[in-house]
*Asks:* 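Take this structure, written in structure tokens, and hold onto it; I'll ask about it next.
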Amino acid sequence: MHDWRRTHHCGELRASHTGNLVRLNGWVNAYRGYGQQVFLDLRDRHGITQVVVEANDSNLELYKLADSVGREWCLAVEGKVRARLPGKENTDLATGAIEVEATEIVVLNQCPTPPFEVTEFPGEEIAGEDLRLEKRYLDLRRPSLQKTLVLRHTLNRVIREYLSERGFLELETPLLGRSTPEGARDYLVPSRVHPGSWYALPQSPQLYKQLLMIAGYDRYFQIARCLRDEDLRADRQPEFTQLDLEMSFVDQDDVLGMIEGLSKEIFKVCRGVDISLPIRRMGYDEAMLRYGSDKPDTRFGLEIEDLCDWAKTVDFRVFKEVIASGGVVRAIHVSQGASKFSNTDLKPGGKLSEVAVKAGAKGLAWLKYEDNKFLGGIEKFFSAEAQDALKARFGFQNGDLLLMVADKEDTAAQVLGTVRLHLANVLGLLAGKEDTFEILWIVDFPSFMHDPEAGRHIANHHPFTAPRVEDIAHLDTDPSKVRARAYDLVINGYEVGGGSIRIHDPVIQSKVFSVLGLSPEQAQEKFGFLLDALKHGAPPHGGIALGLDRWAMIIAGTSNIRDVIAFPKNQRARDMMTGAPAPVEPKQLKDLGL
RNA sequence: GGGGGCGUAGCUCAAUUGGUUAGAGUACCGGACUGUCGAUCCGGUGGUUGCGGGUUCGACCCCCGUCGCCCUCGCCA
């Protein structure tokens, strides 16, 4: 072959190309020998084309070569496009009307028998993930994984177009920065020039983008890699990608509105789904009360009900004591749930009870309603009137189940939030919801949470989040009452974005540092550059960051973040393919003074 | 660091709850076949049951330790 370079890709040829002399480059997806014929499916990222070699008197060499190739060999094929025999078209392939009758084949590279099958078959289990991650270059040949990486590209493209059209500048910020207190554990990089000193890789470009606002770049975005040295989860990687965005001279509604428009565009282009605007907003307190979570999955019901008023009226010591000590009694009513859980599941040590206990509950109280009466053991503590009130409150039907938790408010919320998600899984409430996207803003977060271990307040969002104007007075008196001008974006129970209006007043910023237990000296030492910058005509500004890996997960319909990252780390933060992290040469350490 | 699950042929899984020679599908190798398309049919190779120790007449199975992978809590401003 004088030139092996392709004239077409493997998803391109149609009946209209019949008679053309073409060259294809690709990988052997499948081999089918049939007597004196060989069929090869040649695959590239665009599609699959069938190549055929028929033995005759003059092409013995070619036939032998075609008969000898293995899966995943890389080939160049030259041949003539011809229509398939009538009735032999393959409607499953875009190129199924034609085939290429090979006149010459060049083996660009061989491949040993792959350690797992690259070809995917519906309903068939693919190889284990650790093996696939070790040979990721083969795994990434799978069409489904190629589709998710194309999605990542489309997502980035939509974002760049949408924001550029609206006057945003895509600007870059340093990877080598300064370690700051608060927040996640930093990845550190030793300085060779300054032995004993360290750079930190960014947890986010937070401070730089605020400084860009102060510098007058009033609409900024960046598709930024962020790094946090914390333990991994199914939806968390140590390095991940955020759409980082910041705007000057805006309030909360401006940022939310901009992201709502962008979200609509993303879903339209990347998923073909039309979401309706505006996106629902829910206060943090309401989310915690009704769903026991600040990132509620609202695709199903099972909402949490507060039973304090009712619990006060009953003669049940457990409830009485909890209420008396300032706690709450809350419940989930599971319609027709009684038969789904045996008394053994519900009793202490039982499956469902353990879910609650592991989430922090002391126990799970329960009532079944069968034969028009309550059963479960604790119903004897409830008077007929109390039982009637309960019945009316939930509209009890025979077969219903009530799960109750009495505890401190935050514990009760967390426990029932966990139980609620568990119930949804066990009861299959999310089946058939693959195309449902429940999007909502969570707003009005408390600015600070008290950390009993450290004996101080910690920032709920981050230390640069502006308090609501009417709450500023509480900074000096009772910081726990301060609500933040912060917002999280939640889709189907995933936190996919979070941001805030920032503090642009150096006095308030200093006050917040003080609430967080930073002395003026410490604040000056760690954040002096920011406090100084805020004095130099800082504009009001705010922004948000979207977790693009999670967006890609949701749009791609996977619950595994590694499915949407080309070269992810495993759960112990190791790159299974390269073996990173790995020891380095002693000389490298010496150069760094380590 | 805690809790849970898993580890058997290259791959995906089974092995009747401690019992004879650890099986199946697929992949791979060989053979047959001129319209296949997850080809089919016939035959074949392939096992330190993650690793180490223990209990037992006997261990894939039970016990102890250890390694690895996954989920989760802590952690993730």
Side-chain angles (χ1 to χ4, degrees), chain A residues 29-42 48-56 63 68 70-72 82 84-93 95-96 99 101 112-135 138 180-186 203-204 206-207 226-238 240 351 354-355 357-360 414 418 421-422 425 445 447-449 451 453 457-465 484 486 495 498-500 512-513 516 518 545 547 559-560 562 570-572 574 576:
Chain A
N29 192 63
Y31 160 96
R32 293 179 294 278
Y34 195 101
Q36 299 302 300
Q37 305 180 89
V38 169
F39 295 98
L40 296 176
D41 285 345
L42 203 63
I48 289 176
T49 301
Q50 173 166 289
V51 174
V52 59
V53 176
E54 296 172 342
N56 59 42
Y63 172 75
S68 70
R71 285 166 200 264
E72 301 308 320
R82 70 184 189 193
R84 295 200 186 186
L85 295 177
K88 299 296 182 184
E89 300 86 356
N90 186 343
T91 52
D92 293 335
L93 291 181
T95 62
E99 62 195 3
E101 183 186 13
T113 301
F116 58 89
E117 292 177 58
V118 173
T119 313
E120 298 173 304
F121 303 114
E124 194 150 297
E125 287 296 318
I126 55 175
E129 193 182 25
D130 43 346
L131 180 64
R132 291 189 290 112
L133 289 178
E134 189 188 319
K135 299 275 193 293
L138 291 178
T180 53
E182 304 264 331
R185 192 175 294 112
D186 285 320
Q203 299 176 25
S204 81
Q206 180 62 35
L207 289 168
C226 305
L227 300 108
R228 297 178 187 177
D229 187 6
E230 299 290 351
D231 284 347
L232 287 71
R233 289 287 185 279
D235 63 349
R236 247 163 56 186
Q237 283 272 302
F240 60 101
K351 281 182 206 159
E354 280 300 296
V355 170
V357 169
K358 279 180 185 169
Q414 187 186 326
T418 304
L421 292 177
H422 179 81
N425 275 327
F445 285 82
S447 281
F448 310 102
M449 294 195 300
D451 181 356
E453 271 182 37
H457 286 92
I458 54 174
N460 204 352
H461 190 63
H462 60 53
F464 321 109
T465 300
E495 181 194 328
S500 63
V512 168
F513 284 147
L516 296 174
L518 279 175
S559 55
N560 179 352
R562 296 178 296 276
N570 75 4
Q571 206 195 18
R572 297 201 50 206
R574 186 177 290 285
M576 301 280 275

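Below, chain A is the first sequence line, B the second, and so on; all start at residue 1.
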*Asks:* My understanding is that a pair needs two contacts under 3.5 Å, Watson-Crick or G-U wobble. By that rule, which nucleotide pairs with B/rC60?
*Replies:* none

*Asks:* Between atom OG1 of A/T49 and atom CG of A/N90, what is the distance when rounded to the nearest 0.5 Å?
*Replies:* 11.0 Å

*Asks:* Pairing check on B/rA15: which nucleotide meets the Watson-Crick or G-U wobble criteria with it, both distances under 3.5 Å?
*Replies:* none

*Asks:* Provide the closest heavy-atom pair for A/Q203 versus A/F240 in the form atom of the first, atom of the second, distance.
*Replies:* O-CZ, 4.3 Å

*Asks:* Provide the distance between the two C1' atoms, one in B/rG10 and one in B/rC29, to the nearest whole Å.
*Replies:* 13 Å

*Asks:* Looking only at side-chain atoms of A/D231, point me to the closest of B/rG38, B/rG1, B/rG35.
*Replies:* B/rG1

*Asks:* Is there a side-chain polar atom (N or O) of A/R71 under 4.0 Å from OP1 or OP2 of B/rA27?
*Replies:* yes

*Asks:* Provide the distance between the two C1' atoms, one in B/rG31 and one in B/rU45, to the nearest whole Å.
*Replies:* 15 Å

*Asks:* Between B/rG43 and B/rG54, how far is it from one P atom to the other, in whole Å?
*Replies:* 44 Å

*Asks:* Grab the two heavy atoms, one from A/T465 and one from A/A484, that are nearest each other, plus how far apart they are.
*Replies:* CG2-CB, 3.7 Å

*Asks:* Go through the steps for A/R236 and A/D231 under the test salt bridge (charged side-chain N to carboxylate O under 4.0 Å, His left out), then give the verdict.
*Replies:* CA-CA 8 Å; A/R236 247 163 56 186; A/D231 284 347; over 6 Å; no

*Asks:* Please report the closest heavy-atom contact between A/R233 and A/R562, naming both atoms and the distance.
*Replies:* O-NH1, 4.5 Å

*Asks:* Distance check, P atoms only: B/rA59 and B/rG52, in whole angstrom units.
*Replies:* 15 Å

*Asks:* For B/rC69, which nucleotide is its Watson-Crick or G-U wobble mate, given both distances must be under 3.5 Å?
*Replies:* B/rG5

*Asks:* Between B/rG47 and B/rA15, how many Å separate the two C1' atoms, rounded to a whole number?
*Replies:* 14 Å

*Asks:* Partner lookup for B/rC41, please. Criteria are Watson-Crick or G-U wobble with both distances under 3.5 angstrom; report none if nothing qualifies.
*Replies:* B/rG31

*Asks:* Nearest 0.5 Å please: distance from the CG atom of A/D130 over to the CZ atom of A/R574.
*Replies:* 13.0 Å

*Asks:* With rounding to whole Å, what would you report as the distance between B/rG68 and B/rU26 at their C1' atoms?
*Replies:* 25 Å

*Asks:* What is the nucleic acid contact for A/S204, judged by heavy atoms within less than 4.0 Å: base, sugar-phosphate only, or nothing?
*Replies:* base

*Asks:* Regarding A/Q203, tell me which of base, sugar-phosphate or nothing describes its non-hydrogen contacts under 4.0 Å with the strands shown.
*Replies:* nothing

*Asks:* When you compare B/rU56 with B/rU12, how far apart are their P atoms, in angstrom units rounded to a whole number?
*Replies:* 36 Å

*Asks:* Of the listed nucleotides (B/rU72, B/rG35, B/rC76), which one gets closest to any side-chain atom of A/R233?
*Replies:* B/rU72

*Asks:* Quick one: pull up CE in A/M576 and CZ in A/R132 and give me the separation to the nearest 0.5 Å.
*Replies:* 11.0 Å

*Asks:* Do A/R236 side-chain and B/rC75 base share a donor-acceptor contact under 3.5 Å?
*Replies:* yes

*Asks:* CD1 of A/I458 versus P of B/rC75: gap in Å, rounded?
*Replies:* 8 Å

*Asks:* Given B/rA39, is OP1 or OP2 found less than 4.0 Å from the side-chain N or O atoms of A/Y34?
*Replies:* no

*Asks:* May I ask you to evaluate whether A/R32 reaches the phosphate of B/rU36, defined as a side-chain N or O under 4.0 Å from OP1 or OP2?
*Replies:* no

*Asks:* Can you measure A/H422 atom NE2 to B/rG3 atom C1' for me and round it to whole angstrom units?
*Replies:* 15 Å

*Asks:* Below the 4.0 Å mark, does B/rC69 have OP1 or OP2 next to a side-chain nitrogen or oxygen of A/R132?
*Replies:* no

*Asks:* Give me the atom names and distance for the closest heavy-atom approach of A/V53 to A/Y63.
*Replies:* CG1-CA, 3.8 Å

*Asks:* What nucleic acid atoms does A/E134 come within less than 4.0 Å of, heavy atoms only: base, sugar-phosphate, or nothing?
*Replies:* nothing

*Asks:* In terms of the nearest nucleotide of RNA chain B, which residue is placed more toward the 5' end: A/E54 or A/E230?
*Replies:* A/E54

*Asks:* Quick one: label A/A55 by what it contacts on the DNA or RNA (base, sugar-phosphate, nothing), any heavy atom closer than 4.0 Å.
*Replies:* base

*Asks:* Shortest non-hydrogen contact from A/A359 to A/Q414?
*Replies:* O-NE2, 3.6 Å

*Asks:* If we take the C1' atom in both B/rA22 and B/rC63, what is their distance in whole Å?
*Replies:* 23 Å

*Asks:* Identify the two heavy atoms, one from A/L232 and one from A/P238, that lie closest to each other, and give their separation to 0.1 Å.
*Replies:* CD2-CD, 3.3 Å

*Asks:* Would you say a side-chain N or O of A/R84 is under 4.0 Å from OP1 or OP2 of B/rC37?
*Replies:* no

*Asks:* Phosphate oxygens OP1/OP2 of B/rC71: is one of them under 4.0 Å from a side-chain N or O of A/Q571?
*Replies:* yes

*Asks:* Who is the Watson-Crick or G-U wobble partner of B/rC76, with both distances under 3.5 Å?
*Replies:* none

*Asks:* When you measure from the side chain of A/N90, which nucleotide among B/rC69, B/rC37, B/rC28 comes out closest?
*Replies:* B/rC37

*Asks:* Any N/O pairs under 3.5 Å between the protein and nucleotides 4-14 of chain B? List them or say none.
*Replies:*
{"from": "B/rG10", "atom 1": "O2'", "to": "A/P115", "atom 2": "O", "distance (Å)": "2.9"}
{"from": "B/rC11", "atom 1": "O4'", "to": "A/P115", "atom 2": "O", "distance (Å)": "3.4"}
{"from": "B/rU12", "atom 1": "OP1", "to": "A/G128", "atom 2": "N", "distance (Å)": "2.6"}

*Asks:* For B/rG68, does either OP1 or OP2 sit under 4.0 Å from a side-chain N or O belonging to A/R572?
*Replies:* yes

*Asks:* With a cut-off of less than 4.0 Å, is there a side-chain N or O of A/N570 near OP1 or OP2 of B/rC69?
*Replies:* yes

*Asks:* Considering every strand and a 4.0 Å limit on heavy-atom distances, what is the contact class for A/D92: base, sugar-phosphate, or nothing?
*Replies:* nothing

